[in-house]
Amino acid sequence: MFATMNNMPFPLGDQFASKFTWFPEQASTFAKENDDLFFAITWLCVLFFIPIAGCLFYFAFKYKKPKGAKAESNTAHNTPLELAWSILPSFFLVAMFVYGAQSYLNRRTVPEGANDIGLKAFKWGWALDYGGGVINPELHILLDEPTKLSMRSSDVIHSVFIPAFRAKKDVVPGRYNYMWFEANVASEQVSQAELEAAKKANGDGPWDYDEHQFTSDGYKFFDLYCTEYCGKNHSAMQTAVVVHRTQEDLEAWIKQVSARPTDQPPAVWGEKLYSQRGCAGCHSVDGSKRVGPSFKGTYGSVRPLADGTTVKADENYINRSILYPKEKVVAGYPPVMPSYQGQLSPDDIDSIIAYLKTLSDSGKATVTPSDEAKTDTATKTDTATKTDNEN
Ligand code: HEC
Ligand SMILES: [Cu+2]
């Protein structure tokens, strides 16, 4: 699992060819160039280091003098030697610079027509924006086509790193940054039987990527994680990158994650949103305190606010807490919750409320039928509040 605390140190999905390989599989157009340049520079350094260190030791022993001997030097200028050791290495330096600069400029120049995906980094997770209100923690892209990430942070400096693509870029609050890459290895899909078995083993909780090594849709994945220390759960700031072979395949996935399936009860969808949209990073469901209050028993309880007043946590309060978190701040907590205005649909918020009800005794008493049609939050909250008042 990614969004919540993680007890596995290395949830790697990336494939290493063998134990002795330094880097994961090369899965983007940058990867080969990157590795070739890296190894060229490394071996060049080794090539210089060995004779230099060798001479150092050789001369140290060769010219060793007994203790107390007078130090004397009669070294003179040797123009050809000095020219040789200055000019020869400078060719290597210039070559390193030229290849390095070319590669850097290539990475900073997004090809025309690249597919643009929005990325928001937050403590502690990722929100990938596919347009049309579709936001998901996983990065799904197209094979052999350039993808551009338009990136921003909602709190501190994070950094995107996709080792298999050899792609890495900081995400800085207060400004947009971008990166691009072109994947050239597609994500394989596991068999339906394997997927079913994994789903059964996984149960209802958040999908365990470490355990299964493929996504809940059955795709093998590459890793994306934060590589700029950003606080307590930095190490859990990881997600999966899936490379689709065809546009149709990618679009089918986007469609599938874009809204609550009609046959899914709101509370189940709400739980999914809770783990996928970053709530879990700040709110526990077992009563323990994280950055924000736990959701356990929240619904229907009386909340003490920072301004000394209290409020009953009904549908309206929860709805407003999600859309306008700074309006009513719970006493004893910093006002750091980001607003989800425009990012969660009314049905999404309905579903989260339904999920919160399952975590609270007073919620279970007034639980709404799960097959209730998708309605506007406003009307629904109204009726629900009435039921609530009858208790
Ligand atoms: C960066 C941390 C953070 C994230 C992410 C976050 N919250 Fe919060 N949330 C807080 C904090 C801190 C508070 C308490 C202070 C306040 O009321 O603003 C809070 C308060 C709340 C409250 C009022 C709770 C109460 O006890 O009265 C609700 C409801 C809520 N959040 C829902 C959500 C939902 C739903 C999400 C995900 C879609 C979410 N939050 C994501 C930090 C966060
Ligand atoms: Cu981070």
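In this text, all values refer to a predicted model and were calculated from it rather than measured experimentally. Along the sequence shown, residues carry numbers from 1. Whatever order the structure lists them in is the order used to number ligands and atoms, beginning at 1.
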- Task: Among all protein heavy atoms, pick out the one at the shortest distance from atom 22 (C) of ligand 1; state its residue, atom name and that distance to 0.1 Å.
- Result: S321 CB, 3.8 Å
- Metal check, atom 8 (Fe) of ligand 1 vs M337 N/O/S, cut-off below 2.8 Å: yes
- Task: Could you find the nearest protein heavy atom to atom 23 (C) of ligand 1 and give me its residue, atom name and distance?
- Result: Y317 OH, 3.5 Å
- Hey, are D35 and Q26 close enough side-chain-wise for a donor-acceptor pair under 3.5 Å? yes
- Which residue and non-hydrogen atom of the protein lie closest to atom 4 (C) of ligand 1, and at what distance in Å? C282 SG, 3.4 Å
- Taking the Cu ion (ligand 2) as the vertex, measure the angle between atom SG in C226 and atom SG in C230; round to 10°. 120°
- Just need the protein heavy atom nearest to atom 18 (O) of ligand 1, so name the residue and atom and give the distance. P325 O, 3.3 Å
- Task: Measure from the ring center of Y219 to the ring center of F214 and say whether it is less than 6.0 Å.
- Result: no
- Task: Could you tell me whether the Cu ion (ligand 2) has an N, O or S atom of M237 under 2.8 Å away?
- Result: yes
- Name whichever N, O or S atom of H283 ends up nearest to atom 8 (Fe) of ligand 1. NE2
- Is the F165 ring parallel, tilted or perpendicular to the F181 ring (thresholds 30°, 60°)? tilted
- Looking at Y333, Y340, F295, Y274, the heavy atom closest to atom 32 (C) of ligand 1 belongs to F295
- Message: Whether R245 and E188 form a salt bridge (side-chain N of Lys/Arg under 4.0 Å from carboxylate O of Asp/Glu) is what I want to check.
- Response: yes
- Does atom CZ of F161 have more than 12 heavy-atom neighbours, drawn from other residues, nucleotides or ligands, at distances under 6.0 Å? yes
- For the Cu ion (ligand 2), find the closest N/O/S atom on H158 and give its atom name. ND1
- closest protein heavy atom to atom 13 (C) of ligand 1 is P293 CD, 3.6 Å
- Between H158 and F122, does the ring centre distance come in under 6.0 Å? no
- Task: Tell me, please, if H234 has any N/O/S atom, main chain or side chain, under 2.8 Å from the Cu ion (ligand 2)?
- Result: no
- Query: Closest non-hydrogen protein atom to atom 26 (O) of ligand 1, residue and atom name please, with distance?
  - Reply: R303 NH2, 2.5 Å
- Look at the aromatic rings of W180 and F30 and report parallel, tilted or perpendicular, splitting at 30° and 60°. perpendicular
- Message: Can you name the atoms of ligand 1, numbered from 1 with element, that are less than 4.0 Å from a heavy atom of P334?
- Response: 12 (C), 15 (C)
- Parallel, tilted or perpendicular: which fits the ring planes of Y130 and W253, with parallel below 30° and perpendicular above 60°? perpendicular
- Quick one: which ligand 1 atoms are inside 4.0 Å of a heavy atom on G278? 5 (C)
- Message: Measuring only between side-chain heavy atoms, which start at C-beta, is W126 closer than 4.5 Å to K120?
- Response: no
- Task: Just let me know how C279 lines up against ligand 1, side chain, backbone, both or neither, with a heavy-atom cut-off below 4.0 Å.
- Result: both
- Taking the non-hydrogen atoms of A313, is any one of them nearer than 4.0 angstrom to ligand 1? no
- So for I322 against ligand 1, with non-hydrogen atoms under 4.0 Å, the contacting part is side chain
- Task: Specify the protein heavy atom at minimum distance from atom 11 (C) of ligand 1: its residue, its atom name, and the distance to 0.1 Å.
- Result: G292 CA, 3.7 Å
- Looking only at heavy atoms of K328, does any of them come nearer than 4.0 Å to an atom of ligand 1? yes
- Task: Please work out whether any backbone atom (N, CA, C, O) or any side-chain heavy atom from C-beta onward of V329 is under 4.0 Å from ligand 1, and answer side chain, backbone, both or neither.
- Result: both
- Item | I318 side, atom CD1; L323 side, atom CG - distance, nearest 0.5 Å | 12.0 Å
- Query: Does atom NZ of K326 have more than 12 heavy-atom neighbours from other groups under 6.0 Å away?
  - Reply: yes
- Task: Tell me which protein heavy atom sits closest to atom 17 (O) of ligand 1, plus the residue, atom name and distance to 0.1 Å.
- Result: V330 N, 3.0 Å
- Item | Salt bridge present between D347 and R260 (N-O < 4.0 angstrom) | yes
- When you check the gap from the basic side-chain N to the acidic O, do E315 and K357 get nearer than 4.0 Å? yes
